[in-house]
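Chain naming here is simple, since letters A, B, ... match the order of the sequence lines and numbering starts at 1 in each. Please read all numbers here as calculations on a predicted model, not as lab measurements.
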Amino acid sequence: QAEGPARIAVAANFKATLEALIEALAGSEPTAIAHYQVVSGSTGLLFAQISAGAPFDLFLAADSARPEQLHARGGFSRHRPKAYAEGVLALWIPARDAPWPDVLANFDDDLAIANPALAPYGAAASELLALPLFQQVPRQIQGNNVNQAYQFVETGNAQGALISLAQLLQAKVPRDQYYLPPKTQYPLITQARILLSDHPAARALDQFLSTPSAQTIIQRAGYRSPLALE
Amino acid sequence: MSFLTAVLAVKQGSKPLLDTAFELEERGVTALFGPSGAGKTTLLKVLAGLIPKRHTLGSVINSKHGVWESEQFHLAPDKRGVGLVFQHQQLFPHITVAENLTYAQKRQHDGPKLSFDDVVTIFGLGSLLTRYPQALSGGEAQRAALARALINAPRLLLMDEPLAALDWAARTEILIALNQIKSELQLPMVYVSHQWDEVIQLADHVQMIEHGQIIRSEPLAALTTDIDFITQEQRLASAILMTKVLGHLPQERLTELTLGDQSILVPMITAKPGADVRLLIRMLDVSLVAEPVARSSILNTLACRVAHIKDHEGVALILLACEGQFFNARITGRSKRLLELKVGQPIFAQIKATALNSPGPQDG
Amino acid sequence: MSFLTAVLAVKQGSKPLLDTAFELEERGVTALFGPSGAGKTTLLKVLAGLIPKRHTLGSVINSKHGVWESEQFHLAPDKRGVGLVFQHQQLFPHITVAENLTYAQKRQHDGPKLSFDDVVTIFGLGSLLTRYPQALSGGEAQRAALARALINAPRLLLMDEPLAALDWAARTEILIALNQIKSELQLPMVYVSHQWDEVIQLADHVQMIEHGQIIRSEPLAALTTDIDFITQEQRLASAILMTKVLGHLPQERLTELTLGDQSILVPMITAKPGADVRLLIRMLDVSLVAEPVARSSILNTLACRVAHIKDHEGVALILLACEGQFFNARITGRSKRLLELKVGQPIFAQIKATALNSPGPQDG
Amino acid sequence: MDQDLITLGTSIRLAGLTTLILAVFGTPLAWWLARSQSALTAICIPLLALPLVLPPTVIGFYLLLAFSPQHFFGAAWLNWFGTSLAFSFEGLLLGSLVYSLPFYIQPMIVAFKEIPAALLDAASTLGAGWFDRFLTLILPLSKNGLLIAGTLTFTHTLGEFGIVLMIGGNIPGETRVLSIALFDYVETLNYDKAHLLAAGLVGFSLVAMILIQWIAKDRAGLNPEARR
Amino acid sequence: MDQDLITLGTSIRLAGLTTLILAVFGTPLAWWLARSQSALTAICIPLLALPLVLPPTVIGFYLLLAFSPQHFFGAAWLNWFGTSLAFSFEGLLLGSLVYSLPFYIQPMIVAFKEIPAALLDAASTLGAGWFDRFLTLILPLSKNGLLIAGTLTFTHTLGEFGIVLMIGGNIPGETRVLSIALFDYVETLNYDKAHLLAAGLVGFSLVAMILIQWIAKDRAGLNPEARR
Ligand SMILES: Nc1ncnc2c1ncn2[C@@H]1O[C@H](COP(=O)(O)OP(=O)(O)OP(=O)(O)O)[C@@H](O)[C@H]1O
Ligand SMILES: Nc1ncnc2c1ncn2[C@@H]1O[C@H](COP(=O)(O)OP(=O)(O)OP(=O)(O)O)[C@@H](O)[C@H]1O
Ligand SMILES: [Mg+2]
Ligand SMILES: [Mg+2]
């Protein structure tokens, strides 16, 4: 295994950020990028695959439960899971034509969220809606993950979405189209990683993720840094 | 009046399969006769409307019931009311024989109608009704196909070698039935067959087809006494004499027929005295003698006159006139010299009574 | 010696389709004759091995080439070397006529072999070779199917009504060819036909089948002179006389044949002087006279003796012995009385020369 | 498991309607494709198989684009029916129809190509018009094809979830189908429920298919058994 | 796009091999299912369609379980071949075979049911043994079926990604196939690349299918045109 590139399994929503991180890690030495192979998928899928012995060296999950579970089960990793990012929920309503309070009061269209059963952003969104965030709870359209929820709005089929800030930043959505609910109103979306092998490149990346420069990149991508909180 | 007049043109690619004028009499059976590959099946198919327009450009069919085919127009087969008995039967394989019949019965055209039971009886299908077509023998399938076409009450019935797979007994029975249907229901029919015997028992008109063209079209009687035709088609040559029943001789199992002033004895038939009877006289069954023979097994000697003589490759074909009707004899050149035959000369024709054939019920 | 001996039992469900002993001569053509639905096609199929074992329980077939069917055993059809010409042709639709022939040629069995060109010539397929089977007429397809079976060099050839869709001319030609193949290649054949004319021209043995059972199995000559058979099957009755060519009379287009001490004139044939010729004498073509008629178109008068008389429904069937061979006449009861016929009595039989038929090339 | 029952209902309704609609409209289309001499068919047959080369989710995405009121089709639909297609049962149905079309049509083309033209000719001389022939000959004679095309369509629509998820939005009682539920259970490591649901689905389908096969059993003996 | 080329290679290899293997082993199986009189077939045909009722991901999950060395099958494979099935091209192939089997087999069953037994009888009296008949009659006569079964299998394997993603693990150059790449592009909102890839895939498939159809064109006129 140590021969080839390190295989990094990453939750799809973090893929773009991870690629930026790898670039930063490689720094002036572009060939180092070739030491990494990024495999993205849903956290559940990657988890099932790792359980079945998939040859991954590092797993960046979209939640903290599954890395914990892998660790608890034993046999997969002697390493502890570590948080690497904390998700930020954003309410995106591209066709907003009123101040946010009015929008929250009057919104009665379809709202896209990720599947709460599968995705931590979905679960968080679901809690937020139960608060309630809106005066009347809108019809919820569930995507498999935040990306699908994003696409529902993007294609014009849903009018709003409760998704991750990271996506909106990546898609360069103007700031006036989204609203960031207070982080106290929804559970923490801690994204944890777990090292699965001793592949040197994987170890390097794992260590890099905890460095301030990496955390800066992560923050710039729309996440909060779990380290800053500690 | 004719049932239809047509100009038929069928092409496969650039190859013409059919290119001929065609006319069908309103009454009676027209036999279509010609060698393998002449275009008989193709002709029936155009009439039935089964050949798509792009292959029949130039065809025109005007029937008694309206235009069937013209420059731009093609009347769908299901609208023509034409029944077709296929060379290969084409029974519907997923339903039983009885269901095949009711399928046709439910969709009857406006031609003469036969009842289910009659059809089943005529074609001896009683024990086969619950069978699926795959479980029929060749002859059984052919009978079922005929039955299906007839029960459909077509205005015109086309039959493509419908008796080819039948044994002699079944063939005879069905020919008799078809004859009855012809006279009782006045259903016009076109009959394709390679068996001249069948043709002559059933047909009123004969059309000969070769290389996609109708080369002759005539009443049967005209054809069978045409010496040129006979010369050409000696194997086919038979003639029909129209006679009347004089009376029966039951103890001898004979029936006496009259042909003008003369009488002919034939194996007993069921027709009533006075009824018309059609006698088949095959050229080969006629022998000529200068004077009647006293003690001979040949019962019938007809006084005739030589109407025409045609020599052909060592054989002489003699057209005989007898009471205003005609029939033929085929004798060797040697016999002709022996008898010193000349046109106009009286002569006696011997016909074996047993050789006579009539379409009604009869013994073999 | 026989080519095969068999006990054939075929069941469909509980219904027996065939249940009979069967034996096939090593040489010559066996005609299988019987009414529609008698089991002819079924019999050919068991012989060819096409009926699966579960339907043929109890069948045993022992051929010259080994066991084909027994209690536990079923030799696959492709191992039997049996050619079968199907009632419905079954040409392969995805390849041309020529390819159908080469398909068979490439898989030749170890029977007598014919060349591609010969087969094409015999069956007149020259212009059809590049056609696909869908583009053939009924008769053309039948010729192609026969050709395919023959070029396959089977040890035994089974033919199921192979000439049913053919016109008279093609039929005659092919019968002549089959006769040649029979005598030159000594290929044993079974021939199913409803046409007694065909049977009598080709067959050496006749087997009659009815309701799935072989009810008669005899040499053709025996059958045609069996007065009981003739009585029953008058429509079939013809006899064969074995004659030799004496010489030809080209200017009269006649050939003189000898039958013992007597001579018979027939339309000229090509056989050489001294050659054996088989003459077909149809019962209906024979008339009897008490003494030879001087001036008659009937050339042949044979001195015979009455061998047997059978009265049957007003008709008398007369078995005639002539130079040690037999043939029949069928006359009316009235004629019989007139001629005062008795067994043993000498009598003259008139046979029209034109009525004679021989399997070799001849005019009509 | 209550939820699952509702979901099962939606699934069966979706698969059933898809199969039914394809049977009604796809059958004539397949006939045309199988029998037409037109050069168009040479393009149409591959064209109709094309949805298969794209992953269902991707098709779902493109459908979502088409359904969007910003695009012509979605706008037109909204205009006519007043509701949007996305996240509705109708939209789901439309998506399933697009994706399942090849599974229905292709076996039917095979079946239709084999029907002997002469039998249809025979029926038409007996007075059966086009529709009559279609009902009384073409359909019964392609029973095997119908059975298999129907089975493929039904089962595949039951199992499909990529498109369904994308254009349905997983709304309980409306667009949440069994395949998504099953997927959820597996993804959330809820294996016991997953096994139960999978076993139920498989068992139900197996029984249904065997039953249908038995009902449609070949009683005419149109099979290798046929002796001629 | 380099990456995509490798991925395309893997995809075509997978779809090609799946189609080929199914053609070799599935064809006789379909023949047996179509022609056998045995009661077994009545169960086997539905059984083989069963993979379809489960979402591909779920089948993938069960396959993953089976491939795992903790289970009998995976352990046995590891024993024999020394490599594990999961996340290998071989495993992917096996999964594709299982899932695509019905798409291949069902149309072939339809095609095979229609071959007239009498033609096979004719060939066998001409001396053609079973295998000979299979090659020279059965296959050419079911050309339409083969074409369509092959097309369905190939395109579906190209487009399938649920199973492939689950048991393949999306490993570039090995188990990453085009459908997953396309899925990824769409999922990660990389639309330009997605459109390009989708267009390429669709274009390539269309051309390939039209070409194959043209090559296999019916030159014998075994079509409605056939006049008898
Ligand atoms: N699709 C075709 N392409 C080319 N020629 C064809 C096609 N169909 C038929 N023919 C030819 O057309 C001619 C007429 O065929 P048709 O079937 O009408 O003959 P037929 O008179 O019925 O002969 P038969 O008595 O043998 O059945 C034949 O020479 C046949 O070979
Ligand atoms: N599958 C079947 N089920 C029931 N009866 C059958 C089946 N197949 C054939 N038969 C019957 O078996 C008998 C023999 O059929 P076969 O085809 O051998 O007759 P055949 O002598 O060839 O007749 P033909 O001269 O009409 O072709 C027929 O009475 C037929 O109805
Ligand atoms: Mg014909
Ligand atoms: Mg038969």
Side-chain angles (χ1 to χ4, degrees), chain C residues 41 44-45 47-52 54 75-97 99-111 130-138 140-141 145 148-158 160, chain E residues 27-28 31-32 34-41 108 110-149 212-228:
Chain C
T41 300
L44 298 194
K45 284 190 163 186
L47 291 186
L50 296 178
I51 300 187
R54 68 181 171 290
L75 187 67
D78 50 299
K79 302 278 177 354
R80 298 195 184 189
V82 171
L84 178 51
V85 180
F86 290 78
Q87 212 165 355
H88 281 199
Q89 292 98 41
Q90 311 298 351
L91 295 171
F92 302 137
H94 60 302
I95 50 180
T96 61
V97 171
E99 287 162 344
N100 266 278
L101 296 184
T102 48
Y103 189 100
Q105 199 178 27
K106 276 191 203 142
R107 290 164 179 79
Q108 280 184 335
H109 298 297
D110 55 2
T130 57
R131 294 262 194 92
Y132 284 94
Q134 296 81 28
L136 298 181
S137 80
E140 290 164 348
R148 186 178 65 173
L150 269 172
I151 208 172
N152 190 230
R155 300 161 169 174
L156 166 65
L157 181 61
L158 310 176
D160 203 351
Chain E
T27 311
W31 177 256
W32 177 73
R35 291 300 181 124
S36 159
Q37 292 302 107
S38 142
L40 212 63
T41 61
M108 286 313 294
V110 179
F112 283 156
K113 286 227 185 207
E114 306 303 331
I115 293 186
L119 286 181
L120 300 176
D121 282 355
S124 68
T125 62
L126 292 175
W130 188 88
F131 191 62
D132 190 354
R133 294 200 293 277
F134 196 77
L135 288 186
T136 57
L137 270 182
I138 296 171
L139 290 187
L141 287 176
S142 47
K143 198 179 60 181
N144 286 321
L146 277 169
L147 210 67
I148 279 181
I212 288 178
Q213 255 205 359
W214 184 83
I215 291 173
K217 210 182 146 199
D218 207 343
R219 292 171 215 288
L222 296 176
N223 52 31
E225 188 66 354
R227 303 232 342 275
R228 210 159 25 96

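- Separation of atoms OG (E/Ser124) and CZ (C/Arg80) is listed at 9.5 Å; rounding is to 0.5 Å.
- Heavy atoms only, all atoms of each residue included: E/Gly127 and C/His109 are closest at CA-CE1, 3.5 Å.
- In this structure, chain E has heavy atoms under 4.5 Å from both the backbone and the side chain of C/Arg148.
- Put simply, the residue from C/Asp78, C/Leu50, C/Leu158, C/Val85 that forms a side chain to side chain contact (heavy atoms under 4.5 Å, CB included) with E/Thr125 is C/Leu50.
- At a threshold of 4.5 Å between non-hydrogen side-chain atoms, the residues E/Asp132 and C/Tyr103 count as touching.
- With rounding to the nearest 0.5 Å, the separation of CD in C/Gln105 from CG in E/Leu126 is 12.0 Å.
- Residues C/Phe92 and E/Thr136 form no side-chain contact, since every pair of their non-hydrogen atoms from C-beta on lies 4.5 Å or further apart.
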